[in-house]
Number of protein chains: 2
Amino acid sequence: METLSRERAHGGEQVVCRHRSESTGTEMVFSVFVPPHAPGARLPVVWFLSGLSCTHANVTEKGEYRRVCAELGLVFVAPDTSPRGEGVPDDPDGAYDFGLGAGFYLDAVRAPFVEHYRMRRYVLDELPALIAAEFPVDLSRQGITGHSMGGHGALTLGLSNPNRFRAVSAFAPIVAPSQVPWGQKAFAGYLGSDRALWRRHDAVALIEDGARVPALLVDQGDADPFLTEQLRPELLREACAQAGIALTLRLQPGYTHSYYFVSSFMDDHLRWHAQRLG
Amino acid sequence: METLSRERAHGGEQVVCRHRSESTGTEMVFSVFVPPHAPGARLPVVWFLSGLSCTHANVTEKGEYRRVCAELGLVFVAPDTSPRGEGVPDDPDGAYDFGLGAGFYLDAVRAPFVEHYRMRRYVLDELPALIAAEFPVDLSRQGITGHSMGGHGALTLGLSNPNRFRAVSAFAPIVAPSQVPWGQKAFAGYLGSDRALWRRHDAVALIEDGARVPALLVDQGDADPFLTEQLRPELLREACAQAGIALTLRLQPGYTHSYYFVSSFMDDHLRWHAQRLG
């Protein structure tokens with residue numbers, strides 16, 4: 001693991017690292033904020049999964065999470081959104097919503113994507129082991145959140161691993177990728193036509209199929225241009241109501257899909273996670 | 001004035017605008033954050049002057065000022081750091097420390113810079129009038145701050161206009177440009193060899209020559225790579241001690257010159273301004 005930068009911030013350290021990933025077969029870059037802490041302490045960790053076209057850098061620069069992570073004693077990790085580099089296949093037209101920057105937090109089964117697009121394994125297994133080896137985290141206290149495609153990732157990984165993630169939230173998530181254009185394109189490309197497989201990577205379908213967490217916090221801007229076609233939070237509301245999941249879904253008036261939206265509600269999400277991570 | 005973007009953030013609005021400037025003879029871009037406020041209210045305003053190579057965008061994206069401006073009811077304005085565009089002369093070698101992105105908040109007197117490099121007039125006269133006409137600000141309550149070259153700008157404009165700026169602070173400022181390479185290059189290029197003229201744009205010289213403000217807040221990272229050659233806060237400490245100016249100079253351990261440093265102490269500066277702006 002190579003440290004690309006290490007900066008003092010809000011009393012802690014904002015670190016950016018690169019490492020060779022066995023999951024993706026590529027080099028991967030991630031960022032970690034470590035708040036001020038007592039020597040020897042092991043801290044709860046919140047994973048932030050980013051959206052289409054992003055890298056670790058977007059939330060690291062614009063997410064405004066460090067002050068409250070320092071206050072609450074949370075480690076904050078931001079992975080990349082896909083494998084990258086020579087030999088990694090991309091969308092044939094170079095579109096932003098598939099391929100590079102658009103890994104959808106699943107393990108592809110279709111050629112040519114199966115070789116490198118293994119973001120689920122990377123985020124669930126490889127990166128936590130690396131983080132635990134290199135940083136003062138307590139893996140018994142993990143929360144997960146994310147934005148847009150990363151909100152999809154947070155919800156699906158959280159619902160699939162309720163014993164691991166004690167807190168799950170999302171900002172403007174794609175709640176039902178099987179039912180919307182972004183998700184249908186990605187799932188067809190990475191997973192093929194097997195709709196049963198799609199359901200294992202779709203938050204609403206997972207809930208319909210029995211996945212449960214105690215509670216979810218979701219913020220969504222009502223001026224988000226992707227609200228009605230791609231995000232459709234009402235589908236999550238219906239699924240949670242049916243399933244008895246305590247969903248707090250807040251429609252935030254006037255907010256769009258940008259990091260101005262994410263950063264405005266970052267404090268609330270991190271406090272929500274900290275309450276549940278003890 | 002053209003609105004380039006308008007985004008809901010922290011309950012207020014982050015706006016980016018472009019306008020034709022009479023001062024610089026170019027189009028200029030700036031950002032304004034307007035916090036939530038009662039209809040008809042006129043709010044205190046804090047000017048943030050950015051450093052070498054920056055535009056309005058650096059602090060707008062990385063400054064982490066919106067949450068506390070919303071809490072305190074402060075308007076926050078971030079101008080560009082120089083004129084830009086076709087016909088605007090740059091450093092002959094394209095260096096980052098002169099010309100484009102390096103206006104030093106003064107009005108040039110030397111050709112070919114005299115025609116467009118009029119950032120002092122722009123920041124002191126033209127932009128406040130425009131802001132007051134278009135946004136709900138109270139120009140009787142202005143504070144000024146900035147980073148690096150922009151810290152130099154905040155100190156010199158603040159010291160030169162103590163009746164206008166009721167609060168003056170700076171992050172890692174160039175306190176004595178006449179005595180350091182960045183400032184000597186810029187002043188020679190924009191102002192020529194008249195050292196008496198240089199002193200009117202040098203915070204330490206201004207204080208030596210009688211300029212006074214009641215108090216200054218300055219933060220400086222002790223791991224800043226420019227600390228000993230370009231920034232030299234001890235010169236400001238000595239000048240303030242001689243002059244009886246209540247300088248709060250905080251050397252922040254481990255911090256560098258980046259926006260990780262600026263954002264870490266933004267809250268403190270804005271609270272300090274709000275106290276003085278009523």
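First the proteins, then the strands, lettered A, B, ... as listed; each starts at 1.
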Point to revise | Part of Glu64(A) within contact of chain B (heavy atom distance under 4.5 Å) | key: both
Practice item. Considering only heavy atoms and a distance below 4.5 Å, find which of Gln14(B), Gln252(B), Glu7(B) pairs most often with chain A. Key: Glu7(B)
Study note, to complete from the structure: In terms of heavy-atom pairs under 4.5 Å with chain A, the winner among Tyr259(B), Phe261(B), Tyr260(B), Phe265(B) is Tyr260(B)
Check your understanding: In Å, rounded to the nearest 0.5 Å, how long is the span from OH of Tyr255(A) to CZ of Arg8(B)?
Key ->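 Nearest 0.5 Å value for the OH-CZ distance: 6.5 Å.
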Check your understanding: At what distance, to the nearest 0.5 angstrom, does NE2 of His10(B) lie from CG of Asp267(A)?
Key -> 7.0 Å
Check your understanding: Contact part of Glu61(B) toward chain A, heavy-atom cut-off under 4.5 Å: side chain, backbone, both or neither?
Key ->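 Looking at Glu61(B), backbone and side chain both touch chain A.
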